[in-house]
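Indexing begins at 1, ligand by ligand and atom by atom, following the structure's order.
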Amino acid sequence: MSNKPFAESCEQNKQPILQVLKKAFSEPGKVLEVGSGTGQHAVFFAQQMEHLQWFPTDIEEALPGIQLWIKEAGNERIKAPVVLDVNIEIWPFRNMDYAYTANTVHIVSWSEVKSMFRGVSQALKSGGIFCQYGPINYNGQYTSPSNEHFDQWLKNRDPDSGIRDFEDLVLLAKENNMILYTDFEMPANNHILAWQKR
Ligand SMILES: C[S@@+](CC[C@H](N)C(=O)[O-])C[C@H]1O[C@@H](n2cnc3c(N)ncnc32)[C@H](O)[C@@H]1O
């Protein structure tokens, strides 16, 4: 189908992310995706992991594009996308086994990251796993010159965005009843931080 939105980055990172999700999301269950973007990840991961039901979400303007991908996939385990702005107080999801987000935590403001962790924790059941993919700083340090360059680019575009510190995320997770499950190193100086709800 033509006119589907397309992100080259999703093509490049989907295989390494899949290998981690197969470990972190190993049991049958429901996955809430925050900030699904084009919808490429939702379709690919759900097709590759037959034990999962995938629930894509994003802000309203992203939904038509995600719908195009999902309609074309025609897979009943990939649910219709739902409008979910991380800022809303009460999230329309409960009792989810897993949550996933890619390349959103450095895009939204820190206040929105806080809202995301609060909402994800609300949506997950006890023991549920939240995988967060993207670049991360450790002890206030960039992990590569390219990440430093990327952070400058992000901040020139939106001063409230930027690569987050691992230590701040650990504290935020703790405030929301989640602990670090595993920190997976990924290609191109990215990480997947997997959090587990208590
Ligand atoms: C860089 S894109 C990443 C998209 C996709 N996950 C990927 O990896 O290609 C950032 C995403 O965050 C979403 N986003 C921005 N602000 C948001 C908010 N307040 N609530 C939920 N999603 C938001 C955007 O619509 C966009 O889909």
Side-chain angles (χ1 to χ4, degrees), residues 4-21 24-25 31-49 52 54-70 73 78-93 96 98-124 130-136 146-147 149-164 169 172 176 184 186-194:
K4 297 199 307 293
F6 179 81
E8 179 57 33
S9 57
C10 289
E11 287 308 300
Q12 287 169 9
N13 61 28
K14 68 184 188 182
Q15 285 292 353
I17 296 175
L18 174 65
Q19 298 317 315
V20 168
L21 296 187
F25 299 170
V31 185
L32 164 62
E33 182 180 8
V34 179
S36 295
T38 60
Q40 283 163 269
H41 275 170
V43 167
F44 179 73
F45 295 141
Q47 284 174 338
Q48 297 294 317
M49 293 181 280
L52 299 177
W54 206 272
F55 293 73
T57 72
D58 208 311
I59 52 176
E60 193 156 10
E61 54 253 45
L63 255 59
I66 302 170
Q67 272 154 357
L68 289 177
W69 278 89
I70 289 175
I78 314 172
K79 306 302 173 188
V82 167
V83 174
L84 178 62
D85 186 315
V86 294
N87 294 300
I88 63 167
E89 192 76 20
I90 309 287
W91 284 30
F93 292 93
M96 304 300 283
Y98 306 115
Y100 167 75
T101 197
N103 290 323
T104 54
V105 165
H106 58 270
I107 296 291
V108 300
S109 66
W110 179 246
S111 135
E112 289 173 328
V113 176
K114 286 180 163 176
S115 301
M116 187 193 299
F117 273 61
R118 192 196 61 230
V120 164
S121 180
Q122 220 178 66
L124 282 178
F130 171 34
C131 282
Q132 168 211 331
Y133 170 87
I136 300 291
S146 62
N147 276 2
H149 190 256
F150 180 50
D151 194 42
Q152 277 312 317
W153 179 84
L154 285 168
K155 287 178 171 138
N156 287 339
R157 196 174 136 268
D158 174 2
D160 290 335
S161 67
I163 299 180
R164 309 300 171 192
L169 293 168
L172 180 59
N176 288 286
F184 296 92
M186 305 299 288
N189 306 301
N190 287 299
H191 284 253
I192 288 181
L193 300 181

So if I only count non-hydrogen atoms and take anything under 4.0 Å from ligand 1, which residues does that give, chain by chain?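 Correct list: C10, G35, S36, G37, H41, D58, I59, L84, D85, V86, N87, A102, N103, T104, I107, V108, E112.
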Tell me which donor-acceptor pairs under 3.5 Å the side chains of residues 55-67 have, and how far apart each pair is, sequence neighbours excluded?
from, atom 1, to, atom 2, distance (Å)
T57, OG1, E33, O, 2.6
D58, OD2, S36, N, 3.2
D58, OD2, G37, N, 2.8

Point-to-point distance, once rounded to the nearest 0.5 Å, from CG of L172 to CZ of R164: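 Reported value, rounded in 0.5 Å steps: 10.5 Å.
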Is the gap between the ring centers of Y133 and F184 under 6.0 Å?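 No - the distance between ring centres of Y133 and F184 does not fall below the 6.0 Å cut-off.
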With T104 via side-chain contact (heavy atoms from CB on, under 4.5 Å) - residues at least two apart: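 Testing T104 for side-chain contact (heavy atoms from CB on, under 4.5 Å), a comparison that skips the adjacent residues, returns T101, M116.
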Could you tell me if the side chain of W91 sits less than 4.5 Å from the side chain of V86, heavy atoms only?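 In contact.
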Restricting to ring pair (Phe, Tyr, Trp, His ring centres under 6.0 Å), what partner residues turn up for F45, sequence neighbours left out?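 Testing F45 for ring pair (Phe, Tyr, Trp, His ring centres under 6.0 Å), a comparison that skips the adjacent residues, returns H41, W54, Y100.
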